[in-house]
Amino acid sequence: MIRLVPRTDSAPLLQVATPVMAVLATMLAGGILFAIMGYDPVAAIRTIFWDPLFGPAAGYSRPQLLVKAAPLILIASGLAVGFRAGIWNIGAEGQYIIGAITGAAVALAAYPAQEMWIFPAMVIAGAVGGWAWGMIPALLRNWFGASEILVSLMLVYVAQRIAAWMAFGPMKNPEGFGMPGSRNLQQYPAASNPELIAGTGAHWGVIAAAAAVLATWFLMSRHIRGFHIRAAGIAPRAARFAGVKPQTLVAFCLGLSGALAGMAGLFEVAGPAGQITDKVGVGYGFTAIIVAFLGRLHPLGTLLAGLLLALTYIGGELAQLTMNLPAATVQVFQGMLLFFLLGFDLLTRFRITRRVTA
Amino acid sequence: MGIGKSYPGVRANDDVSFAVEPGEIHALLGENGAGKSTLVKMIYGLVRPDQGQMVLNGQPHQPADPRAARAAGVAMVFQHFSLFDALTVAENIALGMENPPPRRQLSARIAQVSQDFGLPLNPARRIVTLSAGERQRVEIIRCLLQNPRLLIMDEPTSVLTPQEAELLFATLRKLADQGTAILYISHKLEEIRTHCDCATILRHGRVVDSCDPREHSARTLAAMMVGEEMRLIDRSGRQAGEVLLQVKALSQPAPTAEGTALKAVALTLRAGEILGIGGVAGNGQDELLAALSGEIRSAPGTVLLEGADLSRLGPEGRRTAGLLAAPEDRLGHAAVPDFSLADNTLLTAGARKKLVRNGLIDRPAARAYAEAVIRAFDVRTPGPGTAAKALSGGNLQKFVIGREVMQAPRVLVVNQPTWGVDAGAAAAVRQSLLDLARSGAGVIVISQDLDEILELSDRFCALNEGRLSDPRPTEGLTLDQIGLMLGGAHGMEVAHL
């Protein structure tokens with residue numbers, strides 16, 4: 001029989017080493033997979049992890065890195081705070097979609113006014129929409145003890161239906177010749193989220209993501225609320241003894257991660273995506289869960305992990321174009337990354353022993 | 001059958017020797033922490049003795065694990081049941097067997113045994129539908145199916161109604177009459193007196209006496225259990241001053257399924273006074289501490305500090321007002337195991353020691369406070385950066401108590417302040433509580449250690465099933481009376497004598 005025995009010696013270095021090991025193992029396993037499928041494994045790995053940054057077409061793909069990384073980091077910063085407290089918001093994707101809708105609603109209602117307040121109001125509306133969507137699992141958990149994991153996840157599918165309804169119904173572009181989808185906010189200057197510095201990909205969402213990293217770092221390491229969150233995740237009774245109300249913490253964590261996800265949705269719909277369609281949600285909310293864990297639930301780790309996962313998105317697309325790799329490559333890579341990370345994590349905390357049973 | 005065993009040093013068991021005869025119900029009597037559980041765990045193969053030997057049926061008995069002990073004919077019914085709620089009686093029993101027979105055959109045997117020993121039980125019922133007494137029967141039948149030579153019962157009546165307890169004793173008597181030896185652990189004097197043939201009394205890990213309990217009164221048994229050593233109480237410099245803490249008609253439903261409801265608890269604590277609250281574990285100690293610390297909020301007007309109503313305030317508000325607490329469980333309740341000692345000061349001292357201002361943590365201040373506690377309370381540790389879980393029980397307890405005492409509370413409530421702590425640390429903790437009271441604070445000591453309560457407190461209350469008795473001055477309180485207050489009665493008049 002194989003048994004897992006907790007390790008007594010836990011080196012802090014392993015905390016940093018396991019994500020790196022997981023990335024390397026993913027590359028290795030991915031390479032083997034590509035070889036089996038008949039692709040050149042070295043070329044495939046290089047196309048995904050190297051070419052987007054330094055390859056011949058890097059001029060186009062490099063700005064995309066920030067575009068893709070911004071929503072991931074923004075969402076994962078909030079998720080990491082909740083995960084530290086043992087509050088599992090799995091439905092950031094839904095909060096992202098609702099934030100995109102409520103934010104866009106402000107713009108569509110104001111159209112065609114050109115006022116300074118429109119874009120800031122959209123950001124706030126996006127955050128409030130995501131916050132409200134996150135408060136549903138929070139309140140259901142506090143009032144009825146419902147699992148926030150299940151409720152937040154299920155609400156993703158509700159949000160997707162609402163997005164489809166909006167795209168085909170209330171938000172449909174009246175000048176869109178009957179095509180589904182809202183007005184394109186990129187063509188509405190007061191409401192658009194443009195590239196701020198040409199050629200960098202940096203839009204307001206990138207700045208918000210950087211601010212979120214700094215703010216959550218400050219919260220977790222300098223503020224007593226962050227201390228309480230960390231305590232609650234490790235020793236809930238001690239946290240209650242310190243004066244933490246579990247209900248308040250649930251509402252804070254789900255509200256915060258919801259608001260950040262909602263803002264990410266708004267920045268996306270006002271910028272790179274441009275309009276509300278039935279496919280507003282592209283999976284950033286789910287990928288951000290991997291980002292948070294790969295980043296060790298630490299704000300700086302989240303930043304690095306967000307950039308890496310963004311790289312797999314861009315690299316995967318590139319490999320699709322240049323090598324005809326299947327579109328599912330990215331998801332396979334992201335899945336393997338989480339799998340290896342959790343696997344290595346387990347091995348850093350436990351030893352495997354064999355025991356002969358009588 | 002003779003069992004002899006010794007343990008060196010200040011251990012749970014020190015040179016314990018006693019013998020249990022076939023057909024005998026033998027009581028193992030002692031206060032909490034006297035070493036009863038460690039002793040039976042050795043017999044059942046859960047703990048290995050460092051020294052000495054055991055003999056079972058003339059054979060050396062050295063079980064490597066419970067499986068070996070069971071094979072040798074030792075069975076044990078634990079205080080806490082290990083049953084799967086969703087499964088039936090027969091399924092649960094089959095799970096505990098090495099080679100379970102076919103289900104139909106097993107059910108027949110269960111029915112047979114339950115009839116033979118007067119333990120009515122339907123093998124097809126699900127555990128979740130059974131009462132505590134019925135669950136215990138499942139555990140007993142599980143043991144009886146092994147035809148044990150020695151059956152160990154660990155505080156079996158603590159979960160039973162009086163009627164169920166009577167039924168249990170009838171069963172045990174039948175078993176004994178068939179030649180099974182029964183080792184019966186309890187601190188309920190009256191049931192031992194009426195039902196046991198022989199009693200071995202443990203105190204501080206040693207056998208202090210053995211006797212025929214039927215020939216002694218409950219009061220003499222209590223005296224043997226607690227010990228009549230001279231106690232040196234230094235009450236110098238302490239004077240009861242004005243009333244600090246008042247608890248009035250505090251009733252609170254049980255917070256969890258295993259918890260205890262508090263029933264109309266009332267107490268008054270004066271400045272400079274130490275109030276001792278004794279009682280058997282699980283009678284509401286944790287709940288009382290939580291209701292005082294603020295982890296449980298109670299109805300308005302039930303908890304007053306210097307006249308101010310704190311009932312609706314949480315732990316932080318109460319600390320600011322001057323009511324501090326140190327819970328029993330050091331790791332995971334009083335301290336976060338993975339946090340450094342410096343970080344652990346932030347759990348309770350943030351406001352009073354100004355370690356947190358406007359929500360911002362002052363890390364140098366937290367570190368300095370941890371260092372001050374470490375110095376003042378002689379906590380043996382490399383420094384404030386050490387994780388709480390790396391400290392020994394005694395050192396962590398000194399840190400936890402020191403963290404509260406050095407905040408200069410008006411009232412400090414401690415639960416089991418020296419539980420599992422070595423003698424030196426225990427003395428330091430007790431002295432610090434005495435010093436705190438001398439400085440004019442009020443202290444409540446909740447403890448199962450009677451010696452500790454007698455050493456520290458001016459007045460004594462017993463906590464029984466969530467009810468608190470009226471206080472008695474410890475000066476002039478006889479062991480007799482303490483034993484009776486603890487024995488399960490809510491007042492002297494209903495005590496069993």
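The model shown is predicted, which means the values in this text are computed figures rather than measured ones. Order of the sequence lines fixes the chain letters, A, B, ..., with proteins taken first and strands second; residue numbering starts at 1 for each chain.
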Engineer: Please classify the contact of Ala290(B) with chain A as side chain, backbone, both or neither, using a heavy-atom distance under 4.5 Å.
Structural biologist: neither
Engineer: Hey, are the side chains of Val151(A) and Arg141(A) touching, using non-hydrogen atoms and a 4.5 Å cut-off?
Structural biologist: no
Engineer: Looking at side-chain heavy atoms only, is the closest gap between Ser447(B) and Thr418(B) below 4.5 Å?
Structural biologist: no
Engineer: Quick one: of Ala334(B), Gly359(B), Gly294(B), who has the most non-hydrogen atom pairs under 4.5 Å with chain A?
Structural biologist: Gly359(B)
Engineer: With side chains defined as the heavy atoms from C-beta onward, is the minimum distance between Thr381(B) and Leu341(B) less than 4.5 Å?
Structural biologist: yes
Engineer: Tell me, out of His228(A), Arg225(A), His223(A), who's got the most heavy-atom pairs with chain B below 4.5 Å.
Structural biologist: His223(A)
Engineer: Report yes if some heavy atom in the side chain of Leu308(A) is under 4.5 Å from a heavy atom in the side chain of Leu294(A); otherwise report no.
Structural biologist: yes
Engineer: Most heavy-atom pairs under 4.5 angstrom with chain B, which of Ser221(A), Pro236(A), Ala231(A), Ala238(A)?
Structural biologist: Ala238(A)
Engineer: Sort out for me which of Leu331(B), Thr348(B), Asp343(B) touches chain A most, counting heavy-atom pairs under 4.5 Å.
Structural biologist: Asp343(B)
Engineer: Is the shortest heavy-atom distance from the side chain of Val356(B) to the side chain of Leu346(B) under 4.5 Å?
Structural biologist: yes
Engineer: Is it the side chain or the backbone of Arg297(B) that comes within 4.5 Å of chain A heavy atoms, both, or neither?
Structural biologist: side chain
Engineer: Please classify the contact between Arg319(B) and chain A as side chain, backbone, both or neither, with a heavy-atom cut-off of under 4.5 Å.
Structural biologist: side chain
